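In what follows, a structure is listed as structure tokens, so that the remarks can point back to it.
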2 protein chains.
Amino acid sequence: SATDLLEHDLEHEQVVVANDPASGLRAIIAIHSTALGPALGGTRFHPYPSTAAALADVLALSRGMSYKASLAGLDLGGGKAVIIGDPATQKTEALLRAYGRFVESLGGRYITACDVGTYSEDMDLVARECSHVTGRTEAHGGAGDSSVLTAYGVFCGLRAAAESVWGDADPGAVLAGRTVGVAGVGKVGRHLVRHLVDAGAHVVITDVSPAAVARVRDEHPTVRVVESTEALVAGELDVYAPCALGGALTDTVVGELTARIVCGAANNQLAHPGVEKLVEDRGIVYAPDYVVNAGGLIQVADEFEGFNFERAKGQAARIYDTTRLVLERAKSDGVPTATAADRMAEQRMLEVGRLRGIWLR
Amino acid sequence: SATDLLEHDLEHEQVVVANDPASGLRAIIAIHSTALGPALGGTRFHPYPSTAAALADVLALSRGMSYKASLAGLDLGGGKAVIIGDPATQKTEALLRAYGRFVESLGGRYITACDVGTYSEDMDLVARECSHVTGRTEAHGGAGDSSVLTAYGVFCGLRAAAESVWGDADPGAVLAGRTVGVAGVGKVGRHLVRHLVDAGAHVVITDVSPAAVARVRDEHPTVRVVESTEALVAGELDVYAPCALGGALTDTVVGELTARIVCGAANNQLAHPGVEKLVEDRGIVYAPDYVVNAGGLIQVADEFEGFNFERAKGQAARIYDTTRLVLERAKSDGVPTATAADRMAEQRMLEVGRLRGIWLR
């Protein structure tokens, strides 16, 4: 809880509570680390049941952003913000702009972006009070929909994982004929399906939204549909790609999974600390979530140089190399892949972060 | 507690937790209001028993600063900071400078100063990382010891209160022959004694520090000393001047007080909400604490124009006028003086604060 925020070993540099009763704004901005640069992370607009729940979420999410940015090779630290409320009824111009003034008050130590419950149009409003905003509409120099490069990055990471498992195959055709289960075909999953179909994989999908399923089937008639994530996981798979909510890898799921690889776009796929060992024991290669889903972050970060899709895509393609390095590090250190990724992210934060100690001006 | 910080009707604009494990910094900065300008308030360095206790203190103190700055006629909002720890053992250059970086990160929305546990030399260190610092040493352009003008302001407020009670007396001699009890003759109380002796009052003092008592007796041999605050309060007094810890006006103290006036330098003199009514019922004129003790704030605020003691003293002298207005407002509104002061402070925050709504650039 927040009461004892400072009594335990808080890792975060800064936690900011913003309150503006007149507009109804109640927000928490967490800056986990600025070792590599300003802390970037989206603004989640969600009706949390309590401040404690909001705080726990923003602390965990901002920490994840530090690790994601580090392994994506970006000069960014990790941050995140949550606005407590129902975006459907409470999101107003005044509230978003009040929020923008608090983001501005941090002088660029925190840079915001879209997240669950916020959209590019919202960032345009935030930007009317604040310079530290990414993910704006294309009309305002933003990178637009970041799900395209997120999906592309996941696909690149998946190729690296597939080559490590089925290394004797022709690298260009390593996914040909493999069965890949995609749980969640919304914004990101849908684009991932396209990459998989193009690579010659057999794709099985599931989604709680019939509309999302129908859209994918219209685009790719060969894709097979199952009723639920449970049914997807229970079936014969070579690859499992969780692209929906967090916590996909529970003990039960890991126990029954036939897939040799887990690689998807969802955040926080490990349901609890320790699942990564179970995954390893079952001989499953897990491409860590934040390593492979960094394409969206890479996309918005590219806005700092004036957004260029091809340049951003080139950087997202490097998720292939990073994933290979993570899998190799796991092997050489004798640790789960998630642990190897954490070590590499921490190493870069430490080694590159200390360089500011060399005084320049 | 902080857990439900946003679940109740939080008045404060912003609460910032700063954490730097390497230097041991654990701090909370509270910005109550910036309606009138940047939030100014000192940094208290104290070994709070819990984060909750630190948070409660910084929230209350920062709120008090908003009201104090408003009635002092300053273009400042209210803020305060607490550093959790023992200043005797934990105050290091690294910690103070880490703190300075977090103050700097707020871009001037919060301006710091000395408070319990921090000194001008500490502010010089904070200022090496941060532009938003007052109360620095005189060598660095600071206003130096703010207790001189704090005491002067209290004396000005006391004259106004005395004239309202003994209005038929010669204004220049309204305190001549009156018995004034001063509880606490440390930094501020000591200077107040000098003003009182000069005005011809009979002064009775008490202090837990024999050294402080001895110093005052050396300077003013006519001053009478009593053993304790209890003894001071129980004796015959015309004026009671609490200049030590907060909470001086308990139900018991108010019940037995013979003084017609309470006017001192201590913060938060009302031990609990509602005591102000008891004070009024007993016919005691209470010169609200934050109205009369604003001289120190006026002094550090003067640094923004390049400190000039005479100019600052002139502004502190206006505490006489403000106190008169507060007492008149209490009479005309039929409310306790503390309530009248709050109303006037809130009125200025509202009326002057809204002027930024008139767009200029």
Side-chain angles (χ1 to χ4, degrees), chain A residues 1-35 38-39 48-56 58-59 82-85 98-99 101-110 130-132 353-354 356, chain B residues 1-35 38-39 48-56 58-59 82-85 98-99 101-110 130-132 353-354 356:
Chain A
S1 81
T3 304
D4 43 26
L5 200 52
L6 286 170
E7 276 153 37
H8 294 91
D9 292 333
L10 182 69
E11 270 186 35
H12 297 65
E13 284 178 18
Q14 196 168 3
V15 180
V16 179
V17 173
N19 183 50
D20 183 51
S23 66
L25 174 73
R26 299 184 303 155
I28 309 176
I29 302 169
I31 295 176
H32 174 262
S33 165
T34 57
Y48 290 96
S50 67
T51 308
L55 180 68
V58 78
L59 290 178
V82 294
I83 297 177
I84 302 169
Y99 171 67
R101 290 187 81 88
F102 284 104
V103 174
E104 181 68 20
S105 82
L106 298 173
R109 270 175 56 77
Y110 170 65
C130 175
S131 334
H132 313 293
R354 68 157 280 285
R356 282 208 293 271
Chain B
S1 79
T3 302
D4 43 25
L5 200 52
L6 285 170
E7 275 153 36
H8 294 91
D9 291 334
L10 182 69
E11 270 186 36
H12 297 66
E13 286 179 16
Q14 196 169 5
V15 180
V16 179
V17 173
N19 182 50
D20 183 51
S23 67
L25 173 73
R26 298 184 303 154
I28 308 175
I29 301 169
I31 295 175
H32 175 263
S33 165
T34 57
Y48 291 96
S50 67
T51 309
L55 180 68
V58 78
L59 291 179
V82 294
I83 297 177
I84 302 169
Y99 171 66
R101 291 187 80 88
F102 284 103
V103 173
E104 181 67 20
S105 82
L106 298 173
R109 269 174 58 76
Y110 169 66
C130 175
S131 333
H132 313 293
R354 68 156 280 283
R356 282 207 293 270

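Below, chains carry the letters A, B, ... as their sequence lines are ordered, and counting in each starts from 1. All of these numbers come straight from a predicted model, not from anything done at the bench.
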**Message:** Using heavy-atom distances under 4.5 Å, tell me whether B/Ala27 contacts chain A through its side chain, its backbone, both, or neither.
**Reply:** backbone
**Prompt:** Who among A/Glu13, A/Glu104, A/Arg109, A/Glu11 has the most heavy-atom pairs with chain B under 4.5 Å?
**Reply:** A/Glu13
**Request:** Go through the atoms of A/Ile29 and report whether side chain, backbone, both or neither lie under 4.5 Å from a heavy atom of chain B.
**Result:** neither
**Complete:** Honestly, the part of A/Ile84 sitting under 4.5 Å from a heavy atom of chain B is side chain
**Complete:** Residues passing the side-chain hydrogen bond (donor to acceptor under 3.5 Å, both in side chains) test with B/Asn19, sequence neighbours excluded, are none
**Fill in**
Shortest non-hydrogen pair, A/Leu25 vs A/Phe102, comes out as CD2-CD1, 3.7 Å
**Asked** Which pair of heavy atoms, one from A/Ser33 and one from A/Ala39, lies closest together, and at what distance?
**Response** O-CB, 4.0 Å
**Request:** Using modelled atom types only, decide if a donor and an acceptor are shared between the side chain of B/His12 and the backbone of B/His32 within a distance under 3.5 Å.
**Result:** no
**Request:** Side chain from CB out, backbone as N, CA, C, O: work out which of these in A/Ala30 comes under 4.5 Å of a heavy atom of chain B, or both, or neither.
**Result:** neither
**Prompt:** Nearest heavy-atom pair of B/Pro21 and A/Leu10: which atoms, and what distance?
**Reply:** CG-O, 4.0 Å
